[in-house]
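The structure appears right after this line, and notes come after that.
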Protein chains: 2
Amino acid sequence: MEQADFLELFERALAAHQVLVFFCSCEIRYSGRAEAFLPQGDRVILIKEDQTLIIHQPINGNPINYLKPGAEIRVEKHQGHLLLKAKSGKDYLDVELFKVHDLMTKKLEDGQKQFLQGNEKDMSDMIKTQPSLISDDFRPVSREEHTKFGFIDVFGHDGKGNLVVVECKRYTASLACVTQLRRYVEKMKDLKGTGKVKGVMASPSISTNALGMLQQWGFRHVVVEPPKRLERYNKDQRALDAFLR
Amino acid sequence: MEQADFLELFERALAAHQVLVFFCSCEIRYSGRAEAFLPQGDRVILIKEDQTLIIHQPINGNPINYLKPGAEIRVEKHQGHLLLKAKSGKDYLDVELFKVHDLMTKKLEDGQKQFLQGNEKDMSDMIKTQPSLISDDFRPVSREEHTKFGFIDVFGHDGKGNLVVVECKRYTASLACVTQLRRYVEKMKDLKGTGKVKGVMASPSISTNALGMLQQWGFRHVVVEPPKRLERYNKDQRALDAFLR
DNA sequence: TACTACATCTCGCAT
DNA sequence: ATGCGAGGTGTAGTA
């Protein structure tokens with residue numbers, strides 16, 4: 001693709017807040033929270049309407065370089081080829097464009113948000129409405145969602161005069177998760193001036209080391225799966241899919 | 001763009017392990033580690049040569065949906081429009097394609113790795129070669145000895161018979177960082193059977209609460225910046241850039 | 001494989 | 001702006 005053609009289309013699309021994608025051979029310098037250099041190779045560059053800049057190599061899931069939304073982006077001629085210079089906050093990206101293979105631009109119309117279920121919040125909600133998931137005598141004191149005594153997921157008491165702090169994790173609980181629970185329990189003991197505070201880790205599973213530390217602190221692990229209400233629908237889809245194959 | 005044309009180009013590019021990008025109007029269902037639904041809108045869909053699938057809305061830095069490398073991807077006709085079905089591990093993605101606006105495919109040649117400096121490893125290396133950054137009497141032990149103690153960033157001793165555990169963070173240290181350090185110190189006390197173990201948090205800054213907890217445990221904070229050796233080059237570039245503006 | 005910790009983490013939420 | 005914790009976190013390193 002010709003330099004002049006690219007430059008014109010690029011400027012116009014950028015000004016019109018279109019989305020731009022192009023294939024190119026380039027070399028990249030990054031400076032900001034860290035410093036990086038990526039030698040010449042073919043990449044995909046995506047510029048969104050909010051001036052997000054994302055650069056992908058032909059393999060791997062994550063972008064190799066990027067700038068957050070709101071970047072200042074411009075292209076200038078530099079020693080026979082083009083130089084894309086961009087800045088977002090403290091981060092700077094310089095992309096030497098040796099060759100632009102192909103470019104695609106379009107104004108995209110969206111504005112939808114994704115509905116997502118099965119996160120940690122859904123898990124703690126489930127425990128509040130089904131306290132027996134923790135124990136027969138567990139009584140949650142719903143109320144506090146984010147702050148009050150901290151960021152405790154579910155807080156309550158049992159029938160033996162103990163306060164109970166529940167920490168939910170949607171994945172295998174690790175050492176870090178247990179220290180988090182420990183921190184909350186100690187905060188609660190401090191605030192309430194009592195030693196009768198129990199810790200419960202609610203997660204689908206827990207690593208061996210984490211379980212060891214949990215028990216060392218006299219805490220309990222309870223197996224709880226994150227709720228996925230759309231699961232049946234999707235299961236059906238998968239079954240149908242397998243049938244059609 | 002015509003369905004039949006898209007289908008043919010898509011299949012061919014996918015089989016040739018080219019990179020594909022297209023603009024489309026679509027509706028997305030995700031099922032796997034969670035469940036999600038995204039109503040109809042315009043998006044950018046990127047399929048890489050390793051069968052990574054990434055879907056972007058026209059704004060925001062992160063993809064709204066994605067599948068990890070190695071996904072099984074196919075497109076089939078479904079009630080007048082196209083249906084892209086993909087699966088990677090336990091994750092399923094169904095994309096109803098109401099209209100494909102434009103498509104770009106190309107075999108990209110890369111294979112370069114990024115050189116990056118200023119990460120936590122660089123920070124701990126710097127401390128090992130310049131122990132005075134921690135204190136005048138700090139003496140780090142050799143790297144070989146270090147490894148058998150686990151995940152400790154820098155380990156050593158001072159002139160007063162104390163073992164010293166250093167935890168590096170490239171950003172503002174938080175409560176979680178301090179509990180991590182605490183965990184390492186306690187592990188070390190246990191392993192060595194001594195109470196004389198000091199904890200040091202090395203980071204550019206530390207939150208007020210984290211500093212409180214740090215001091216409560218008798219640990220110290222030392223201000224250390226992650227090393228960025230290319231910084232001067234980039235600073236010069238920025239200065240030059242400003243001059244040319 | 002399981003587990004651990006880093007990441008230019010990003011993002012939202014609350015102070 | 002800062003602080004704190006979740007994330008469909010992803011990714012690398014190690015046992």
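Just so we're on the same page: letters track the sequence lines, and every chain starts at 1.
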Exercise. With C1' as the reference atom in both, quote the distance from C:dT10 to C:dC6 in angstrom, rounded to an integer.
Key: 14 Å
Quiz item: D:dG5 and C:dA7: how far apart are their C1' atoms, nearest whole angstrom?
Solution: 16 Å
Exercise. State, without any angle test, whether B:Ser207 and B:Asn209 hold a side-chain donor-acceptor pair at a distance under 3.5 Å.
Key: no
Quiz item: Counting just side-chain N and O atoms, does B:Thr172 come under 4.0 Å of either OP1 or OP2 of D:dT2?
Solution: no
Self-check item: Residue-phosphate contact under 4.0 Å: B:Ser207 side-chain N/O, D:dC4 OP1/OP2
Solution: yes
Exercise. Please determine if a side-chain N or O atom of B:Asn209 lies less than 4.0 Å away from the OP1 or OP2 oxygen of D:dC4.
Key: yes
Quiz prompt | Centroid distance under 5.5 Å and plane angle under 30°, A:Phe151 vs D:dG5 | solution = no
Self-check item: From D:dG8, D:dG7, C:dC3, nucleotide with atom closest to B:Leu93 side chain
Solution: D:dG8
Self-check item: A:Arg33, nearest nucleotide to its side chain (from D:dG3, C:dC3, C:dT8)
Solution: C:dT8
Self-check item: Among D:dG5, D:dA6, C:dT10, the nucleotide that comes nearest once only the side chain of A:Lys68 is considered
Solution: C:dT10
Quiz item: Is it the case that A:Gln180 and B:Thr179 place a side-chain donor and acceptor less than 3.5 Å from each other?
Solution: no
Quiz item: Does OP1 or OP2 of C:dC9 have a side-chain N or O of B:Tyr171 closer than 4.0 Å?
Solution: no
Quiz item: Hey, does the side chain of A:Thr208 come within less than 4.0 Å of C:dC3's phosphate (OP1/OP2), counting only N and O?
Solution: yes
Quiz item: For B:Tyr66 and D:dG10, is the shortest distance between a side-chain N/O and OP1 or OP2 below 4.0 Å?
Solution: yes
Practice problem: Determine whether any donor atom in the side chain of B:Asp91 lies under 3.5 Å from an acceptor atom in the base of D:dG8, or the reverse, and answer yes or no. | Solution: yes
Quiz item: So, is A:Lys169 close to the D:dA6 phosphate, meaning a side-chain N or O under 4.0 Å from OP1 or OP2?
Solution: yes
Exercise. Respond yes when some side-chain nitrogen or oxygen of B:Arg183 is under 4.0 Å from OP1 or OP2 of C:dT4, and no when none is.
Key: no
Quiz item: Within less than 4.0 Å of OP1 or OP2 of C:dC6, is there a side-chain N or O belonging to B:Gln180?
Solution: yes
